Amino acid sequence: MSAVPTLGVVALDCPDPVALAGFYRDVLEWGEPEVVADGHWATLANPEGGAGIAFQRVPDYRPPSWPSAENPQQLHLDLNVTDLEAAHERVLGLGAKLLDDKPETFRVYADPVGHPFCLCAC
């Protein structure tokens, strides 16, 4: 047994774990989320066996304001893509909001509850 931890999930605070898990399920084309009985926590397992994404209900959730220090992002997800234009159209259709399209090799978006994430064709 090793004392070295492994990364299990990245957990995102949100007002509705099931809804946000559904957004990322569709973006990543992963399986259905595992939802605890009271709906306060949902987990998407990574089908490749790596770290998953979990979603935790926070009653007074306040979304990050990007790029502002008033309510900073604190973390974001980088999602790798091979076709930036096609992925851009796809995530917008799923409910993402474009925040910055100035970089040549990546774009910054907000998920439906305001967490920043990037599509990276780097």
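By convention here, the first residue in the shown sequence is residue 1. In this text, all values refer to a predicted model and were calculated from it rather than measured experimentally.
Both L20 and V58 sit in one connected hydrophobic cluster of ILVMFWY residues. Membership requires side-chain heavy atoms under 4.5 Å apart, directly or through other members. Linking ILVMFWY residues whenever their side-chain heavy atoms come closer than 4.5 Å, directly or via other members, leaves V108 and L98 in distinct clusters. Note: the hydrophobic cluster containing I53 also contains Y109 (ILVMFWY, side chain heavy atoms under 4.5 Å, direct or indirect links). Hydrophobic clustering places L94 together with L92 (ILVMFWY residues linked when any side-chain heavy atoms are closer than 4.5 Å, directly or through intermediates). The hydrophobic clustering, which links ILVMFWY residues whose side-chain heavy atoms are closer than 4.5 Å, places V10 and F23 together.
The structure places CG of L119 at 11.0 Å from OG1 of T82, a figure rounded to the nearest 0.5 Å. One distance of note links CG of L99 with CZ of F117; it measures 8.5 Å at 0.5 Å rounding. Once rounded to the nearest 0.5 Å, the distance linking CG of L84 with CD of E89 reads 10.5 Å. Taken to the nearest 0.5 Å, the CG atom of L79 stands 7.0 Å off from the OH atom of Y24. The CZ atom of R57 sits 6.0 Å away from atom CG of D16, with the distance rounded to the nearest 0.5 Å.
Every residue two or more places apart in sequence or in another chain was checked for a side-chain hydrogen bond (donor to acceptor under 3.5 Å, both in side chains) with D60, and none qualifies. Residues passing the side-chain hydrogen bond (donor to acceptor under 3.5 Å, both in side chains) test with D13 are Q56, sequence neighbours excluded.
Annotation: side chain of V27 is not in contact with side chain of D111 (no heavy-atom distance under 4.5 Å). Inter-residue side-chain proximity for V18 and P33 is flagged as unmet; no heavy-atom pair is nearer than 4.5 Å. Under the 4.5 Å side-chain criterion, counting only non-hydrogen atoms from C-beta, V35 is not in contact with P17.
Of all heavy-atom pairs between P64 and G114, the closest is CD-O, 3.6 Å. Minimum interatomic distance between A86 and D83 (heavy atoms only, all atoms of both residues): N-OD1, 3.0 Å. The minimum heavy-atom distance linking F106 with C122 is given by the pair CB-SG, 4.4 Å.
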Check your understanding: Please walk me through it: do V81 and H88 pass side-chain contact (heavy atoms from CB on, under 4.5 Å)?
Key -> CA-CA 10 Å; V81 298; H88 166 82; over 6 Å; no

Review point. Can you check side-chain contact (heavy atoms from CB on, under 4.5 Å) on V113 and L12, steps first, answer last?
Key: CA-CA 10 Å; V113 299; L12 300 176; over 6 Å; no

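Under the side-chain hydrogen bond (donor to acceptor under 3.5 Å, both in side chains) criterion, the residue pairs touching residues 28-37 are R25-E32, E29-R90, with sequence neighbours excluded.
In terms of modelled atom types and a separation under 3.5 Å, the side chain of N46 and the main chain of A51 share a donor-acceptor contact.
The aromatic rings of H115 and Y61 sit tilted, their planes meeting at an angle between 30° and 60°.
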